[in-house]
Amino acid sequence: MADLPDPVALTRSLIRCPSVTPAEGGAITLLEALLTEIGFVCTRVDRGGIANLYARWGTSAPLFAFAGHTDVVPVGNLDAWSVDPFGGEERDGKIWGRGAADMKSGVASFVAACARFVQETPPEQGSICLIITGDEEGDARDGTLALLDWMRAKGEMPEFCLVGEPTCPETFGQMMKIGRRGSVNFTLTARGLGGHVAYPDRALNPLPALLKLLLRLESWELDRGNAHFDPSSLVLTSVDVGNAPTNVIPGAAQAKFNIRFNSEHRGEALVAHVASMIAETEAETGVKFEMESKISGEAFLTAPGRLSDLIGASVKAQSGLSPELSTSGGTSDARFIKDLCPVVEFGLVGKTMHQVDEHVALDDILALTEVYQDVLRRFFAR
Ligand SMILES: [Zn+2]
């Protein structure tokens, strides 16, 4: 029998791998070696220069999946850190470093939980797989999507997937994510005809037209939310003219905005609606608009059911808290996994993710490992 991995020590080892996307940094290699030793069959599913790992224990159904990523966002302002971001220092009952919260601790916790589970109480029937990518924080083109393509081709079909992203705002056990909002980014360019401010009749100022359109967008009530989602939101992020002189009417102006949308919408329908508002504004003003849009993910919901019940029961048993079933926050790779099987996210407190001096409580890592192990016990106890 291999030694049972300690989730805190494993978190530290992973933090010491400088795996800023797209660098592997040794993190995937380390996990591959460890999981092989525990009895997982490991397959590297690298694509486009990204390291990805699929690891499976067992051969029979049902298959339970954990998913996570080992890549991290850049350090940012190194001088502002009070610790080495790749040191994995322990201080004040916490472990510090880039990826401590998002999400090397989560990966370490599910690896440790699986190791304990298969050595202490291996199920007679069933398998566990780990879907670990090195490309979540980047383009996410060759990460989880590469793994899912490979899994579909091989007929690897999990019944459920639990993603170990940090999901708790303040306290461990507070929240799980049963869905996510979709997101679409827009860039608009208004094109008129520049000229001298003394002769506005010879120009076509794009600014009033752009403002008219932006106000129209700003006052658009997308929906009022539904049982599981807050109302969708449209947020203007930039208006750029870059017109320094005071006596020149600009020829063009640009604006950017983002829509975070709930399950009442599809990205394409939102893009079409924005296009119709543009057409209206063009007809009224004579100013022409160019629109670029990029849908980075559709909204999805894993309806409350067996998976969220399982996780909720394990969290309650460990922490005494009944986690809220939330759909708030940014996107994650769950947006891809939802096409394969029901997916729920539960992990640590994410308060410091992507920040300077990112850290997580050591006790929380141990608690999360217990929760994951308990989820496996409950899932296979049938
Ligand atoms: Zn993450």
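Both counts, for ligands and for their atoms, begin at 1 and track the order of listing. Quick note: residue numbers are just sequence positions, from 1.
Separating the CE atom in M103 from the CD atom in E136 is a distance of 8.5 Å, to the nearest 0.5 Å. Separating the OG atom in S109 from the CZ atom in F346 is a distance of 10.0 Å, to the nearest 0.5 Å.
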**Asked** Stepwise, does the ring-ring contact (aromatic ring centres under 6.0 Å, His included) test hold for F261 with F229?
**Response** CA-CA 9 Å; F261 57 95; F229 283 91; 9.6 Å; no
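Protein N, O or S atom count below 2.8 Å of the Zn ion (ligand 1): the structure gives 4.
With hydrogens and angles left out, the side-chain atoms of H354 and D102 include a donor and acceptor closer than 3.5 Å.
Partner of L193 under the side-chain contact (heavy atoms from CB on, under 4.5 Å) criterion, chosen from N205, V287, L204: L204.
In terms of heavy-atom proximity, A140 sits nearest to L145 at O-CD1, 3.7 Å.
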